[in-house]
Every structure is written in C-alpha cells, then in structure tokens.
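So you know, we letter chains A, B, ... as the sequences are listed, proteins then strands, and number each from 1.
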Amino acid sequence: MNLRRLRLIIWKELLQLRRDRLLLPLIFLMPVMYVIMFGYVVGSDVRNLPTAVVDNDRTATSQRIVDAFSSSGYFVIAARPAGEASLQPLVDGGHARVAIIVEKGTEAALARGEMVPLGVIVDGADSKTASVASGYAAEIVAAFNQELLEKAGRASGGPSIDARVRVMFNPSLKSVNAMVPGLVASILMLSIMVIMSQAVVRERARGTLEQMMVTPITRAEYLTGKVLPYVVIASIQMTFVVLLGLFWFHVPFNGSVWTVAAGLILFTLTSIGMGLLISLVSRTQQQAQQTVMFILIPTMVLSGFIFPIESMPATVVPLTYLIPLRYALVVLRSAFLKGSTIADLWPQFVGMVVFAVGIFGLAVARFQKRLAE
Amino acid sequence: MSGAVTRVLAVARKEFIHISRDWRMIVAVLILPLMQLLLFACAISFDVRNVPSVTLDLDKTVASRDYIDAYAKSGFFQARGTVSNYAGIDRAFEAGQARVAIVVQRGFGAAIAAGHAGQVSVLIDGSEPNSAQLGQTYAVALNQTLGRRALAAWADAQGLGTVKVGRLEPRIRAWYNPERRSADFLIPGLMIVIIMIVTVQQTSVTLVKERENGTLEQLLESPLTHSELIVGKVLPWAALGVFDTIAITAVAMLVFGIPLRGDITVLAVGIALFIVCALSLGLVISATMPSLESANVTALLVSFLPGFMLSGMAFRLESVPVPLQVVSYLFPARYMVEIARGVFLRGASWGLLLPQIGALTLYALVALGIATTLNRGRTGERTVPLQLVLAARRRLTERVRAHVRAGGRGSAGDRP
C-alpha cells in the first residue's frame with residue numbers, strides 16, 4: 001500500500017464531496033436534525049396530561065384522590081365538568097385526554113372498608129398516552145391504597161410490606177438518556193450506508209471506475225481510500241451527536257470510553273460492510289437508495305431503538321437478533337448509563353464480532369472480486 | 001388542449017416504461033410498502049409485558065417464596081432465575097439479563113408473622129425508560145395487593161375476623177379503541193407515513209436524474225411545455241401512490257381488522273390532496289438539489305424523519321416543544337394522519353375534519369405553485385438563491401485549486 005497514492009485518492013474523494021454544493025452541509029445538518037427530533041419528539045415524556053375531573057362525591061376524601069392525581073405531575077386538571085355527560089365533547093375535542101370520575105359515596109364506602117370503583121377514562125385513539133396514563137393512574141391509586149392500608153395496619157397492629165421501589169442508572173426515567181447513545185450508533189450506520197454506497201455506485205454508474213483501474217492504484221488502496229473519508233465524516237457526525245447529547249440534553253456518561261470505542265469500531269466495520277454490499281447489488285444510485293430504505297426501516301423498528309423489544313410479540317423477537325444495530329444499541333446504552341464493561345457485555349460483543357467479520361469480510365472479498373473483473 | 005393531453009400522456013408513458021424496466025423499483029414501490037405495514041403493525045407496540053427479572057431471597061422462608069412467586073404469576077414480570085448476592089444483581093443489570101431485581105430482606109417472614117412491616121426492595125434498570133416506567137407501576141400495584149393479602153392472612157390467624165380496609169379500584173376504560181390495541185392506533189398513521197416516504201423519495205429524484213443524464217434538455221427541446229412535462233412526470237407516481245393507498249387500506253381492514261367507522265369520501269379526498277402535497281414536496285427537492293446524492297439525502301431528511309417524528313403517528317405532538325410543533329405544520333403528514341385516524345377510529349365525518357381538509361388544500365396549492373415556479377426557474381438558468389450559493393462555492397473552489405497547484409499535487413484535484 002503506497003501512502004502517497006492513498007492520500008491522493010482520499011483527496012480526490014474529499015474534493016468530489018465539496019463539488020456537490022449542498023451535500024456537505026446536508027451531511028452535517030443530518031445529525032443535528034436527528035438529535036433534535038429524537039431528543040425532543042421521541043424523548044418527550046408523557047407528562048401534564050390534560051385531565052377532566054368529575055367529582056360526584058365532593059368530600060375531603062374525594063378531594064384527596066384528585067389531589068393525588070394533580071400533584072403527581074402527570075395529570076393537569078383542565079376541566080371540572082358537572083356530570084359524566086359533558087365528558088364526551090371534552091375528550092372528542094382533545095381538550096382532555098384523561099377523565100377521572102369519583103363516584104358518589106366514595107368516602108363513606110371507604111370508611112366502611114368496601115372496595116370502591118374509581119372511573120378512569122383514557123383516550124384510546126392515542127395508544128402510547130393511553131397505556132402510559134393508565135399506568136400512572138394505577139400507580140397513584142396503588143399509592144393511595146397503600147396509605148389507607150398502612151393506617152389500618154398500624155391501627156390493628158397487623159403486618160405490612162414495606163417495598164422500596166428504586167430506579168437505578170436513570171432515576172429520572174428520562175427517555176433522552178436512552179435515546180442519545182442509540183442515536184450515536186444509528187447516525188453512524190445511516191451516514192456510512194447512505195453516503196458511502198452512493199459514492200461507490202456513482203463511480204461505477206459513470207464509468208470512472210474503469211479509468212481508476214488503469215492507473216497504478218491497487219485495489220486495496222482504492223478501497224481504503226474510498227472508505228476512509230466516509231469513516232472520518234461519520235466520526236465527526238458521531239462527535240456532534242455525543243457533544244449535543246452530553247452538553248445540551250445532559251445525558252450522563254458513566255461508562256468507560258474503551259467499551260464505547262470497541263463497540264463503535266466493530267459497528268463501523270459492519271456498517272462499511274453493509275454500505276459496500278449495497279453498492280454491489282445496486283447498479284444505479286436510485287437503486288442504492290431503495291436498498292438503503294429496504295434495510296433502514298426494519299432496522300429502525302426491530303432494533304429496539306424506538307420501540308422496546310420487550311413489547312414485541314414473541315414471534316417477532318427472534319428476528320431482532322438479525323439486526324446488527326440491536327447489539328450496538330445495548331452496548332452503547334449500557335456503557336453510557338450503567339457503566340458496563342466488555343466483560344459484562346460479552347454476548348453482545350460476540351454478536352458484533354460475528355457481524356463485523358461476516359459482513360465486512362464478505363463485502364471486501366466480493367468488492368475486490370468485482371474490481372478484478 | 002387535446003395536444004396537451006397527448007403530450008402529457010406520452011411523458012407519463014415514458015415514465016412508466018422507466019419504472020417497469022427496473023424490477024427493483026417495482027418492488028420498492030408496490031411490495032415494500034405492504035411489507036413495511038406488516039412489519040410495523042406486528043412489531044410496534046408500547047404495551048410492555050414480560051419484563052425480565054431476577055430475585056435475591058435473603059430470607060428464604062415460605063413467606064418470602066410466596067412473595068417472589070407472586071411476581072412471576074402477575075404476568076408482567078418474567079423470572080430469569082435467582083442470584084445469591086447484590087453483586088449478582090449488578091452483573092445481571094450490566095449484562096442486560098434483567099431489568100428488574102426483587103430483593104427480599106432477611107427477617108421478612110418473621111416480620112410478617114409478628115405483624116410488623118416486612119422489608120423488600122425492588123430495583124429497576126432505568127436505561128430503558130419505557131419498560132422501567134411500567135415496571136415501576138406494576139411493582140407498586142403488586143406490593144399493595146400483596147400487603148393487603150398479608151394483612152388479611154394475619155388477621156385470620158389471630159382470629160380477629162377480617163380486617164376491613166377500604167380501597168379504590170381503578171376501572172380503566174379506553175374510549176375509541178376499547179381494547180387499546182396499538183395496531184388500531186398506529187396503522188392509520190402508518191399508512192400515511194409509508195405513502196409519504198414512497199412518493200417524496202421517488203419524485204425527488206426523477207427530474208434530477210433526467211438532468212444528470214442530460215435527457216432533460218432533449219425533453220425541453222420537444223414541443224412539450226414545462227407544466228406538461230411536470231404533470232406527465234408526476235402522474236405515474238400519483239397513480240402508484242393511489243394504488244398503494246388502496247392496497248394498504250385493504251390490508252389494514254382485512255388482515256388487521258381495523259374498523260373504518262367514518263365517511264370514506266373524506267378519506268379519499270384527503271388522500272388525493274395529500275398525494276399532491278407529497279409529490280410537490282418531491283418536486284421542490286428535485287428542483288433545488290444539484291445532484292442525485294443531495295436529492296437522496298434531502299428526501300430522506302424530508303420524508304423519513306418528519307414522517308415518523310412530526311406527523312403524530314406514534315408520538316404525541318402536544319408534549320413536543322413549541323418550535324418543533326410549528327415545524328410539524330410544514331409537512332402534510334400531520335394533517336393527513338389526523339384525517340386518517342379520525343375517519344378510521346373516531347368515525348369522523350366532513351364537519352369535524354373540515355379544518356384539516358382545508359389545510360391540505362391550501363398546502364397542495366402553495367406547494368404545487370412553489371414546485372412549478374422553482375422548476376421553471378431551473379430550466380433556463382439556476383434559481384437566485386442557488387446562484388448566490390454557487391458564487392460563494394466557486395470562490396472557495398478556486399482557492400482550493402490554487403492551493404492544490406501550489407502544493408504540487410498535480411492533477412489529483414481535477415475532475416476524475
């Protein structure tokens with residue numbers, strides 16, 4: 001490998017990137033847009049849900065129940081309609097997403113030691129809100145009951161369970177903290193796959209590949225020179241994401257830089273391999289773009305990046321093991337938030353090594369063969 | 001006029017031939033959207049179950065075993081074995097084997113039997129906030145039930161009769177989508193996003209491709225007028241978009257059993273307007289982007305990201321910061337997702353969705369206007385904003401060239 005020739009190819013590639021008036025700005029705009037969108041849209045937590053309260057009991061206890069809801073931070077009392085009949089227009093018009101109905105006689109029935117229903121209506125047309133809101137409601141009611149129970153337990157001298165529920169690693173349960181580490185890996189993959197595959201296909205589509213082959217440049221030099229600029233670009237993009245995450249969204253970093261670096265290097269190899277494979281199967285840039293979309297969409301959905309793998313049906317879960325991003329996500333999230341080391345994450349690392357060796361190896365071998373033809 | 005129709009149809013036919021020559025394109029346009037729908041509809045949901053959990057039993061009594069069993073039986077937690085000390089919990093969390101750890105403290109059984117408070121801790125891995133949130137909720141609710149059971153058993157054993165403690169029982173109902181199926185909620189929105197991705201992506205490159213191949217000039221020398229060319233180019237994609245919509249709606253209703261409660265004409269008019277909007281967006285990209293790469297990257301940014309994030313398809317837009325909410329109005333998907341969801345789930349009719357239909361109509365007119373103006377500007381000379389960018393670029397490139405020459409790097413910097 002001749003370093004001078006290598007440098008010249010890299011130089012050519014960078015010049016070509018600059019020639020395209022809008023491509024470089026777009027490349028650097030991309031990670032910023034991704035961080036903003038994911039950080040603010042996906043990372044936004046369901047809070048301050050507009051809530052309508054129908055209090056048919058109007059006692060100190062019913063007031064306490066309503067206060068428990070409004071002081072939780074999840075529900076904001078937006079309306080207090082007089083009867084259940086006026087709930088429909090409120091929910092239809094989107095003025096309330098949740099409604100709480102306290103039945104008449106709640107206080108008296110609780111004092112008698114009966115079980116009293118508490119009506120909670122959630123807007124099911126928005127299933128995330130619905131599932132999260134009903135979860136919060138259940139939690140608030142459970143805490144309320146626990147209080148009653150403890151009082152009764154103390155009065156009768158009976159036992160109770162003192163459960164301390166504690167969230168570790170991300171105590172505030174902020175979604176952004178899980179989102180940003182995942183975004184680092186996604187941006188890396190996206191950038192290398194989209195931009196590199198385009199660059200390689202273009203060379204073939206325009207016939208400049210053949211011109212390249214009659215120069216003294218060797219195949220290994222060509223491949224390295226073609227890949228390196230995009231790795232550098234992807235690294236700059238990742239740095240953008242990490243800096244925005246750490247300093248703008250205040251994502252904690254508890255892990256070791258080495259674990260993150262090892263994971264990213266393996267994943268970079270996998271991504272380069274995928275980019276090269278795409279450029280091998282595509283004849284035109286449009287086809288390359290289609291192939292990227294074909295891979296991108298299942299990757300985003302099945303990797304656990306946006307939607308938790310635990311919520312997927314059992315038949316779909318095995319498919320997720322075929323997605324390289326899945327392993328990278330676990331490694332980065334665990335390293336960022338939990339401080340996991342390579343030893344802790346060995347199954348993921350084994351998976352990543354298999355993909356890196358397999359995909360990168362296959363891609364380079366096929367690409368060399370293609371160039372030789 | 002009939003001449004214009006003939007010419008438009010000729011361009012459309014040419015475009016169809018381009019599409020049908022490329023089998024990948026047919027797959028991408030006709031089969032991929034359906035695959036995406038199936039994949040999304042099966043895989044996406046926010047209903048977390050089976051959170052993997054480990055237990056640490058420091059008490060080892062009948063009471064502690066009963067307590068631990070209750071978690072596995074609740075259907076929410078999935079037992080992934082036991083560990084023997086706190087270090088084991090750390091390892092399980094760090095390796096991602098478990099998201100919840102249940103620790104029963106020593107003396108739990110004795111405390112319960114004596115009528116004191118039995119100590120337990122539930123540790124939750126917060127690195128996956130969705131699961132962690134629900135895990136927390138379930139743990140709190142479960143402990144409350146178990147505490148009640150312990151109190152009742154104790155009272156029985158003491159011969160106190162039953163200790164009656166009142167409690168609230170949340171009766172949670174979900175309107176519009178009573179079983180709270182994620183599919184019902186997601187599919188109407190998904191449909192729109194998929195159509196948006198297909199149409200924007202495809203139209204954003206059609207004109208750039210002609211320009212790069214040099215065939216655009218040939219086309220413009222023919223008797224075709226500018227608008228005829230554009231209409232003809234876009235017509236096949238509009239047809240494919242409509243076809244995709246029908247196919248996806250059929251799959252949604254027949255395979256996933258999504259109810260169509262509202263007025264189908266609202267949906268049809270909405271979709272037609274929406275496709276015009278999406279195609280115009282694609283044309284705007286086509287007109288402004290200098291190369292296929294830039295067009296591709298921009299199409300990805302304009303269709304994929306806002307389609308997913310800012311359409312309200314999966315994420316509530318009310319909890320998003322205001323500037324992003326404003327941005328979300330700049331993309332047609334937002335209006336259309338509201339229309340689709342309204343028609344499918346809420347059974348909405350014309351009256352309720354009139355604002356959205358109006359917004360889409362306005363959007364379609366404005367976007368189409370911008371797209372034609374930009375494209376007209378594009379054929380003669382480059383558009384004004386682009387010329388400014390170009391001038392700046394040229395100066396920069398010249399400096400780079402000068403630098404290359406000075407550095408004696410030979411012809412490496414020249415166009416390959």
Quick check: closest heavy atoms across A:Q289 and B:N296, and the distance to 0.1 Å?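 Nearest heavy atoms, A:Q289 then B:N296: NE2-O, 3.3 Å.
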Taking all non-hydrogen atoms of both residues into account, name the closest pair between B:V140 and A:A142 and its distance.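 For B:V140 and A:A142, the tightest heavy-atom pair comes out as CG1-CB, 3.8 Å.
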Looking at [options], which one has more heavy-atom pairs under 4.5 Å with chain B than the rest?
{"options": "A:R333, A:R18, A:M30, A:Q348", "result": "A:R18"}
{"options": "A:M300, A:Q287, A:R283, A:R202", "result": "A:Q287"}
{"options": "A:T341, A:L337, A:V201", "result": "A:L337"}

I want to check something: taking the side chain as every heavy atom from C-beta on, are B:L300 and A:L296 in contact at a cut-off of under 4.5 Å?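 Yes, side chains in contact.
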Side chains of A:Y34 and B:L301: does their closest heavy-atom pair fall under 4.5 Å?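 A:Y34 reaches B:L301 side chain to side chain.
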Region of [X] that comes under 4.5 Å of a non-hydrogen atom in chain A:
{"X": "B:Q201", "result": "side chain"}
{"X": "B:R149", "result": "neither"}
{"X": "B:I102", "result": "neither"}

By a 4.5 Å heavy-atom criterion (distance strictly below it), what part of [X] contacts chain B: side chain, backbone, both, or neither?
{"X": "A:V281", "value": "both"}
{"X": "A:I140", "value": "neither"}
{"X": "A:V330", "value": "neither"}

Let me confirm one number: the OH-CD distance from A:Y136 to B:Q136, rounded to the nearest 0.5 Å.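 Spacing of OH (A:Y136) from CD (B:Q136) equals 9.0 Å.
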Working to the nearest 0.5 Å, report the span between OG of A:S340 and CG of B:D90.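 One finds 10.0 Å between OG of A:S340 and CG of B:D90.
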Chain A interface, residue from B:V100, B:V205, B:V103, B:V327 that has the most non-hydrogen pairs under 4.5 Å: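 That would be B:V205.
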Verify side chain to side chain contact (heavy atoms under 4.5 Å, CB included) between A:I27 and B:V297, making sure each step is shown before the conclusion. CA-CA 8 Å; A:I27 287 175; B:V297 175; 5.6 Å; no
